[in-house]
J.: 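Pasting a structure below so you can have a look.
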Amino acid sequence: MKFHSLIPLLLLAPLSVQAGEATVTSPGGKLSVTVSDQGGRATYAVSLDGQQVLQPSALGFKADFGDFTQGLSITNTKEGKAEDSYVMRQVKQSHISYQASTLSIDFENQQRQKMSVEFFVKDNDVAFRYVIPRQAKDNPKTATILSESTAFRLPDGTTTFLCPQIDPMKGWERTKPSYEEEYKPDAPMTDRSQFGQGYTFPCLFKAPGSWVLISETGVDSHYCGSHLSDYQPSAGYTIAYPQPGENNGFGSPFASIALPGQTPWRTITVGQSLAPIVETTIPYDVVRPLYEPSQAYKGGRYTWSWLIWQDESINYADQVQFIDLAAAMGYEYCLVDNWWDKNIGRDRMAELSKYAQQKGVSLLLWYNSNGHWNDAPQTPRNCMDTNIARDREMAWLKQIGVKGIKVDFFAGDKQETMKLYEDILYDANRYGLQVVFHGCTIPRGWERMYPNYVSSEAVLASENVFFSEYHAGQEPFQLTMHPFCRNAVGTMDWGGVIMNKYLSRDNKSRHSRKTTDVFELATAFTNQAALQCVAMQPNNLQERPDVELTFLQNLPTTWDETRYIDGYPGRYVVLARRQADRWYVAALNGTKEPLKLTLDLSHFAGLSNQLVDRTDKKTQKAIVAQTPLKVDKKGRATIELQPNGGTVLF
């Protein structure tokens, strides 16, 4: 893989500006950002096609050595151009090119202390960060960032699609926050968050005439992760740092950096439609790889017993069944979940890995991240929390042929925890291991920063469909929400194309799945992760019709291009994805009513077939049928989606 340099912000030229104000406009002229020091306070405003989508919003921070929230004046402004082209293996697009306008604006406070704000502006994206130099006397050489005044003031009439941040050390075995709360759609900004702790990134807003997605990227071991506060009428939403109780109270809720240094990038994606939201690459554009991959990592499909067979399936005989299932389907991987060290044992795990390799399948193994930061009891524990333990464990994994790990139960967004994510990823790369995180934070540009990183859960995922009938009923809403928010900013391990009709081993008991079979098949395309779980069970090989099995055998998991076609968060979504020269169009209906759509497919050549939900006339059972796709001379096709149903065009 060829890596390209970060944005050439050094190639900057002086910009002539009015005193106290500067404006930077995107290369295509669509998006503009205006920065001001009026009243001694730094602010920025964002306009799309002349309409303001973010009203003047505060910039600045308080550090242990100085206050950059008031008494500020602009001392210098420079602008430039940036362009880059790079390759990604595991996100929504494989070859990414961009052009952007850049603005570096220097501020000074009343104590003559300095900071800069760097802006990166594309036609639908803004990213900005703070750059902090050493001060006049070359001191201090380090800084603790205590808080930010960074704000996002959206226009009156804006509605929200947000996920609340929860109090620390709550939930099962004190494992929260883990980004697993419920989204609330179409809510007014004035609504208080469920727990009074604000909202996790990403945050989606429907402003008058536009959509706005706010998040952050470039967070590594040098900073904490952040989120948005509750809405305040005078300030809007502001950047909030981790809560002191996260990580079992260990570690600072602030950020500590060496000087000169910089904060992560805050990102804003805006569009008159949802297309720029779904298709954005801003999380990757402004970061760079932190190390070289030790090998060419490969995506693929994996089977997983735990989703429906649960802990009782973590034994040698049951795992053989799921390895055989993966082999029968032509899948690359099988995930063995928690308790394998107790129930199978390390010696037999080496045997199981050898058996899998003989079948053309590689194992992925589950680990607890702990440590001391929560009470999650599952083992293996104390294998991923220190460098010494990781080195020993990962050497063994490489020796027995394991290709990846799933690490679970983290503890919030403190800098201490961000360092643990980075340490796990870096050490895993040395041993050729891909990494999936669960019970965790969202990725923040990690797909580009860490080449062996695959995906994160950071969502109310498929296990909840198993746990309760309520969450089974919420699956259609959840999976028509995430293409516009959670999955728009990073890969998402939601965990399974579920093919059992009932959430039980016998496929007859417990509660039923509430989605149609085609809905489930379509989620393999609407959910994006390079390692995609297909939560088939061995019984599905006999129970499912050939049309489904053939389709499942040929599922791609990596994409060269992704395009938004239609949708509304939490109601329905239609996406197109391309691998090589073949397009797929997938649609989900998250409502309880039939949905009829006429789609413009003129840009997606080669579509000729459609998977649809049907009722067998003899048995009256729901079945999947493959039918010819009817496209008119203008490239339009009409599709009908059943309640909680879907379709795939290919």
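All heavy atoms count here, side chains included; hydrogens, waters and symmetry mates do not.
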J.: Inspect the surroundings of OH in Y426 and state if more than 12 heavy atoms from other residues, nucleotides or ligands are less than 6.0 Å away.
T.: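 No, OH of Y426 has 12 or fewer neighbouring heavy atoms, counting only those of other groups under 6.0 Å.
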J.: State whether the side chain of E216 and the backbone N or O of G225 hold a donor-acceptor pair below 3.5 Å, judged by distance alone.
T.: no
J.: Between N387 and D391, is there a donor-acceptor pair closer than 3.5 Å when you use the side chain of the first and the backbone of the second?
T.: no
J.: Backbone N or O of G567 within a donor-acceptor pair of the Y564 side chain at under 3.5 Å?
T.: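 Checked: pair present.
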J.: Tell me whether the count of non-hydrogen atoms from other residues, nucleotides or ligands lying under 6.0 Å of NZ in K514 goes above 12.
T.: yes
J.: Under the 3.5 angstrom rule, does the side chain of T516 hit a backbone N or O of F519 as a donor-acceptor pair?
T.: yes
J.: Is the shortest side-chain heavy-atom distance between V459 and E180 below 4.5 Å?
T.: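 Sidechains of E180 and V459: no contact.
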J.: So, taking the atom named CG in L325 and the one named CG in N540, what distance separates them when rounded to the nearest 0.5 Å?
T.: 7.5 Å
J.: Could you tell me whether the side chain of F161 reaches within less than 4.5 Å of the side chain of C485, counting heavy atoms only?
T.: no
J.: For T515 and E520, test the side chains for any donor-to-acceptor distance below 3.5 angstrom and give the result as yes or no.
T.: yes
J.: Keeping Q197 on the side-chain end and P164 on the backbone end, is there a donor-acceptor pair under 3.5 Å?
T.: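 Checking the backbone N and O of P164 against the side chain of Q197, no donor-acceptor pair under 3.5 Å is found.
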J.: Is there a donor-acceptor contact under 3.5 Å linking the side chains of D385 and Y367?
T.: no
J.: Going through the distances and angles, do T647 and Q610 end up as a side-chain hydrogen bond (donor to acceptor under 3.5 Å, both in side chains)?
T.: CA-CA 7 Å; T647 190; Q610 179 179 8; 3.2 Å; yes
J.: Near N554 CG, under 6.0 Å, is it more than 12 heavy atoms from other residues, nucleotides or ligands?
T.: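 More than 12 heavy atoms, drawn from other residues, nucleotides or ligands, come within 6.0 Å of this atom.
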J.: Less than 4.5 Å apart, side chain to side chain, heavy atoms only: is that true for K298 and Y333?
T.: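 A side-chain contact exists here, since the closest heavy-atom pair is under 4.5 Å.
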J.: ring-ring contact (aromatic ring centres under 6.0 Å, His included) for F250 and H372? Distances and angles first, verdict last.
T.: CA-CA 9 Å; F250 181 75; H372 57 78; 5.4 Å; yes
J.: Which pairs count as ring pair (Phe, Tyr, Trp, His ring centres under 6.0 Å) when at least one residue sits in residues 312-332, sequence neighbours excluded?
T.: W309-F322
J.: Is there a donor in the side chain of T441 and an acceptor in the side chain of R444, or the other way round, less than 3.5 Å apart?
T.: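 Per modelled atom types, T441 and R444 side chains form a pair under 3.5 Å.
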J.: Would you say the side-chain atoms of R486 pair up with the backbone N or O of G490, donor to acceptor, closer than 3.5 Å?
T.: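 Yes; judged by distance alone, with no hydrogens or angles, the pair exists.
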J.: Measure from the side-chain N and O atoms of N429 to the backbone N and O of S294, and report whether any donor-acceptor pair falls under 3.5 Å.
T.: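 The answer is yes, because a donor-acceptor pair under 3.5 Å joins these two groups.
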J.: Compute whether any side-chain donor of one residue and acceptor of the other, for N247 and D413, lie under 3.5 angstrom apart.
T.: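 Their side chains do not contain a donor-acceptor pair, so the 3.5 Å distance test is not met.
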J.: Please confirm whether the backbone N or O of Y584 pairs with a side-chain atom of R577, one donor and one acceptor, at under 3.5 Å?
T.: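 Judged by distance alone, no pair lies under 3.5 Å.
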J.: Side chains of S221 and E422: donor-acceptor distance under 3.5 Å anywhere?
T.: yes
J.: Go through the steps for V489 and F201 under the test side-chain contact (heavy atoms from CB on, under 4.5 Å), then give the verdict.
T.: CA-CA 9 Å; V489 300; F201 285 133; over 6 Å; no
J.: Given ring-ring contact (aromatic ring centres under 6.0 Å, His included), test Y450 with Y421 step by step and report yes or no.
T.: CA-CA 10 Å; Y450 308 110; Y421 287 118; 9.4 Å; no
J.: Could you walk me through whether L531 and Y297 pass the side-chain contact (heavy atoms from CB on, under 4.5 Å) check?
T.: CA-CA 11 Å; L531 288 182; Y297 293 105; over 6 Å; no
J.: Is a side-chain donor-acceptor pair under 3.5 Å present for D408 with Q378?
T.: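 Side-chain D/A pair, Q378 to D408: absent.
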J.: Within a radius of less than 6.0 Å around NZ of K501, do more than 12 heavy atoms belonging to other residues, nucleotides or ligands occur?
T.: yes
J.: With ring centroids as reference points, do F437 and F410 lie under 6.0 angstrom apart?
T.: yes
J.: Is any side-chain heavy atom of I623 closer than 4.5 Å to a side-chain heavy atom of V547?
T.: no
J.: Using modelled atom types only, decide if a donor and an acceptor are shared between the side chain of N452 and the backbone of L433 within a distance under 3.5 Å.
T.: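 The answer is yes, because a donor-acceptor pair under 3.5 Å joins these two groups.
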J.: Could you tell me whether E246 and K176 have a side-chain N and a carboxylate O separated by less than 4.0 Å?
T.: no
J.: Is R346 salt-bridged to D341, cutoff N-O under 4.0 Å?
T.: no
J.: Check the pair F409, W373 against ring-ring contact (aromatic ring centres under 6.0 Å, His included), reporting the backbone distance first and the verdict last.
T.: CA-CA 9 Å; F409 301 129; W373 30 85; over 10 Å; no
J.: With heavy-atom distances below 4.5 Å as the criterion, would you say the side chains of W172 and S178 are in contact?
T.: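 A side-chain contact under 4.5 Å is absent here.
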J.: Give a yes or no answer on whether the side chain of Q532 reaches the backbone of A524 with a donor-acceptor pair at less than 3.5 Å.
T.: yes
J.: Can you give me the closest heavy-atom contact between Q434 and R89, atom names plus distance?
T.: OE1-NH2, 3.1 Å
J.: Please indicate whether D347 has more than 12 foreign heavy atoms, meaning atoms of other residues, nucleotides or ligands, lying under 6.0 Å from its CG.
T.: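 No, not enclosed.
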J.: Looking only at the side chains, is there a donor atom on one of D318 and S305 sitting less than 3.5 Å from an acceptor on the other?
T.: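 There is no such pair (donor and acceptor under 3.5 Å, judged by atom type) between the side chains of D318 and S305.
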J.: Less than 4.5 Å apart, side chain to side chain, heavy atoms only: is that true for D191 and T160?
T.: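 D191 vs T160: side chains apart.
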J.: Scan residues 454-489 for pairs that pass ring pair (Phe, Tyr, Trp, His ring centres under 6.0 Å), counting only residues two or more places apart or in two chains.
T.: Y183-H482
J.: With distance as the sole criterion, is a donor-acceptor pair present between the side chains of T175 and N374 under 3.5 Å?
T.: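 Note: T175 and N374 side chains miss the donor-acceptor criterion.
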J.: Is a donor from one side chain sitting under 3.5 angstrom from an acceptor on the other, for N644 and N589?
T.: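 Short answer, no.
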J.: Indicate whether any N or O donor in one side chain lies under 3.5 Å from an N or O acceptor in the other, for E543 and N507.
T.: yes
J.: Is there side-chain contact between L204 and I277, with heavy atoms separated by less than 4.5 Å?
T.: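 Yes, their side chains come closer than 4.5 Å.
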J.: Can you measure from SG (C334) to CG (L352) and round to the nearest 0.5 angstrom?
T.: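 Between C334 SG and L352 CG, I get 7.5 Å after rounding to 0.5 Å.
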J.: Is R430 paired with D427 through a side-chain N to carboxylate O contact shorter than 4.0 Å?
T.: yes
J.: What closest approach, in Å, do A472 and H511 show between heavy atoms, and which atom pair accounts for it?
T.: CB-CD2, 3.8 Å
J.: Between Q357 and S353, do the side chains contain a donor N or O and an acceptor N or O under 3.5 Å apart?
T.: yes
J.: What's the verdict on side-chain contact (heavy atoms from CB on, under 4.5 Å) for T591 and R571, showing C-alpha distance, side-chain angles and the deciding distance?
T.: CA-CA 6 Å; T591 75; R571 300 180 192 175; 4.2 Å; yes
J.: Would H438 and V407 count as a side-chain contact (heavy atoms from CB on, under 4.5 Å) here? Give the steps.
T.: CA-CA 6 Å; H438 268 230; V407 188; over 6 Å; no
J.: Could you go through residues 397-406 and list every donor-acceptor pair under 3.5 Å that involves a side-chain atom there, pairing it with any protein atom two or more places apart or in another chain?
T.:
from: K406; atom 1: NZ; to: D337; atom 2: OD2; distance (Å): 3.2

J.: Assess the side chains of E447 and T491: does a donor N or O sit below 3.5 Å from an acceptor N or O?
T.: yes
J.: In this structure, are over 12 heavy atoms from other groups packed under 6.0 Å from Q542 atom CD?
T.: yes
J.: Do D311 and N338 have side-chain atoms, one donor and one acceptor, less than 3.5 Å apart?
T.: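 N338 and D311 do have a side-chain donor-acceptor pair below 3.5 Å.
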J.: Would you please test E351 and R348 for salt bridge (charged side-chain N to carboxylate O under 4.0 Å, His left out) and show each step?
T.: CA-CA 5 Å; E351 294 178 22; R348 293 213 78 194; 3.8 Å; yes
J.: Are the side chains of Y284 and M88 in touch, meaning some heavy atoms are under 4.5 Å apart?
T.: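 With C-beta onward as the side chain, the pair touches.
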